[in-house]
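In what follows, a structure is listed as structure tokens, so that the remarks can point back to it.
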Amino acid sequence: MSANSSMVGQLLWRGPVCISWKQDPEGAVYHLANCFLLLGFMGGSGVYGCFYLFGFLGTGYLCCVLWGWLDACGLDIVLWNVLLAVACLLQLAHLVYRLRMNTLPEEFDLLYKTLCLPLQVPLQTYKEIVHCCQEQVLTLATDQTYAVEGETPINRLSLLLSGRVRVSQDGQFLHYVFPYQFMDSPEWESLRPSEEGVFQVTLTAETECSYISWPRKSLHLLLTKERYISHLFSALLGYDISEKLYTLNDKLFAKFGLRFDIRLPSLYHVLGPSTPDGGPESEKDDEEVCEPSLSPVQATPTSVQHVSPCSPPPAATNLPAPLSRARMSRPDSGILASRSPLQISSQVKSRSQAPLAPIHTPEL
């Protein structure tokens, strides 16, 4: 032990004894190699930082190979620097492979930055969503229909990437679908995974459009397997449907001058189509119905009259005649715009409960 400690002490304190120092400095290749190594060790983190690091280190080791081959003439110097240079080149090749694997097509990359990146969706999760639609971008020509009312089955969910799509029902325009909005989100939410149905609206491309589409069964399988993706689609679809509802609400406001809430089922009674056998006479009857409802308010005295419990009921001749079917018909849009909100609300309250889903689409 004492002999080993004495040798270590000699190496540390005395150092190796050089027979002679070289008077001439090394060549320019040796100094260039050290400059590249210095720059390489100053590299940062991340993918591009690794590119910087291994790029300069590999260049520096190649310069050391040239120095050992031409100036130092040492085989060991050449071999070690060749191994280090090859290791740096392999690291660079691995980084290039990783970048190519993470690269998305232009349309999907723009979709990620627009729709998913603000929600901080991980890139790996987004790749699973893109893989479900097979990374295919479909197109629609001008005036080409995506779905026909009453004919096209609901077997997919599509997202518009570019262009504009017109939504109509019975030839009546409802709203537009713009880029990065779902084309059939209401139809998707209206059915359970085990149910089948057809479109109740017609979707027609007004310009050249491109979109992506997820098959219904494949997407349901993905949503069942991945809870995070299920919550993500639930939020995106809910926001998309609410935007469509508010678009229709603004359209009703522009039509009647009154802002209704289209989420209320009773709005169907107000905006629903009138019966065909009512005609203009029903409008007159509606005016007659409103006039008696206002006249008792004007004729009511300030004092309260007490009626004895044994007083006979009023004569049958004073009772108004029962309203006919024409009287109970829904008001026309012109009459609705001319009436006050109080008259409309009182008339709606007097009717029976509205159905949850209208049979006929109200004229907007």
Work out which heavy atom in T142 is nearest to a heavy atom in T207; give both atom names and the distance.
-> OG1-C, 3.7 Å
Does L32 share a hydrophobic cluster with Y52, counting links as ILVMFWY side-chain heavy atoms below 4.5 Å and allowing steps through other members?
-> yes
Nearest-0.5 Å distance that lies between atom CG in L157 and atom SG in C133 | 10.5 Å
Y176 OH: over 12 foreign heavy atoms closer than 6.0 Å = yes
Heavy atoms only: give me the nearest P118-T114 pair and the separation to one decimal.
-> CG-O, 3.6 Å
Least distance between heavy atoms, R156 atom then D184 atom | O-OD2, 3.2 Å
Can you name the side chain to side chain contact (heavy atoms under 4.5 Å, CB included) partners of N34, sequence neighbours left out?
-> Y30
For the student: nearest non-hydrogen atoms of A33 and G60, plus distance = CB-O, 3.5 Å
Rounded to the nearest 0.5 Å, the CH2 atom of W188 sits from the CG atom of D240 at a distance of 13.5 Å
So K113 and D109, side-chain contact (heavy atoms from CB on, under 4.5 Å) or not? Walk me through it.
-> CA-CA 6 Å; K113 293 178 180 178; D109 184 63; 3.3 Å; yes
Distance-only, no hydrogens or angles: does the T152 side chain make a donor-acceptor pair with backbone N or O of V148 under 3.5 Å?
-> yes
Over all atoms of both residues, closest heavy-atom pair of S185 and I241 = OG-CG1, 3.6 Å
Backbone N or O of H220 within a donor-acceptor pair of the T224 side chain at under 3.5 Å?
-> yes
Would you say the side chain of I212 lies within less than 4.5 Å of the side chain of L138, judging by non-hydrogen atoms?
-> no
Hey, quick one: are L123 and L232 part of the same hydrophobic cluster, counting side-chain heavy atoms closer than 4.5 Å, chains of contacts allowed?
-> yes
Should the ring pair Y146 and F199 be called parallel, tilted or perpendicular, given that the plane angle runs from 0 to 90° and is split at 30 and 60?
-> perpendicular
Approximate separation, where rounding is to 0.5 Å, of L115 CG and L159 CG | 6.5 Å
Flag if over 12 foreign heavy atoms under 6.0 Å of CD, E195 | yes
Spacing of CG belonging to L119 relative to OH belonging to Y126, to within rounding of 0.5 Å | 12.5 Å
Donor-acceptor pair, side chain of E187 and main chain of V198, under 3.5 angstrom = no
Under 3.5 Å, side chain of E189 to main-chain N/O of P186, donor-acceptor pair present?
-> no
How close do A85 and G58 get, heavy atom to heavy atom, and via which atoms?
-> CB-O, 4.2 Å
Check whether any side-chain heavy atom of V165 lies under 4.5 Å from a side-chain heavy atom of T204, and answer yes or no.
-> no
Okay, side chain of Q91, backbone of C88: is any donor-acceptor separation there less than 3.5 Å?
-> no
Got L79 and L75 here, is their nearest side-chain heavy-atom distance under 4.5 Å?
-> yes
Hey, mind stepping through F182 and L160 against side-chain contact (heavy atoms from CB on, under 4.5 Å) and telling me if it holds?
-> CA-CA 6 Å; F182 288 97; L160 187 64; over 6 Å; no
Do S210 and T139 have side-chain N/O donor and acceptor atoms under 3.5 Å apart?
-> no
Partner of C64 under side-chain contact (heavy atoms from CB on, under 4.5 Å), picked from V78, I77, N81, is N81
Side-chain contact, heavy-atom cut-off 4.5 Å: L95 with L99?
-> no
Give a yes or no on whether H131 atom NE2 has more than 12 heavy-atom contacts from other residues, nucleotides or ligands under 6.0 Å away.
-> no
Atom pair NE2 (H175) and CG (L245), whose distance is rounded to the nearest 0.5 Å | 8.5 Å
Are Y211 and L111 joined in one hydrophobic group, where the rule is that I, L, V, M, F, W and Y side chains link up if heavy atoms are under 4.5 Å apart?
-> no
Please step through side-chain contact (heavy atoms from CB on, under 4.5 Å) for the pair F178 and S162, ending with a clear verdict.
-> CA-CA 8 Å; F178 295 101; S162 63; over 6 Å; no
Shared ILVMFWY cluster between L222 and W214, side chains joined below 4.5 angstrom?
-> yes
Any side-chain heavy-atom pair from E151 and T202 closer than 4.5 angstrom?
-> no
CD on Q181 to CD on E243, rounded to 0.5 Å = 7.0 Å
Check: L174 and S168 side chains under 4.5 Å, non-hydrogen atoms | no
Any chain of hydrophobic side-chain contacts (each under 4.5 Å) joining V121 to Y239?
-> no
Set of residues satisfying side chain to side chain contact (heavy atoms under 4.5 Å, CB included) with respect to S218, sequence neighbours excluded | C132, P215
Given ring pair (Phe, Tyr, Trp, His ring centres under 6.0 Å), test Y61 with W67 step by step and report yes or no.
-> CA-CA 10 Å; Y61 291 135; W67 168 72; over 10 Å; no
Side-chain contact, heavy-atom cut-off 4.5 Å: L57 with F36?
-> no
Would you indicate whether the side-chain heavy atoms of E135 and V130 approach each other to under 4.5 Å?
-> yes
Check against side-chain contact (heavy atoms from CB on, under 4.5 Å), V29 and W69 = CA-CA 11 Å; V29 179; W69 183 266; over 6 Å; no
Among pairs that include at least one residue of residues 196-216, which meet salt bridge (Lys or Arg N to Asp or Glu O under 4.0 Å), considering only residues two or more places apart or in two chains?
-> R164-E206, R166-E206
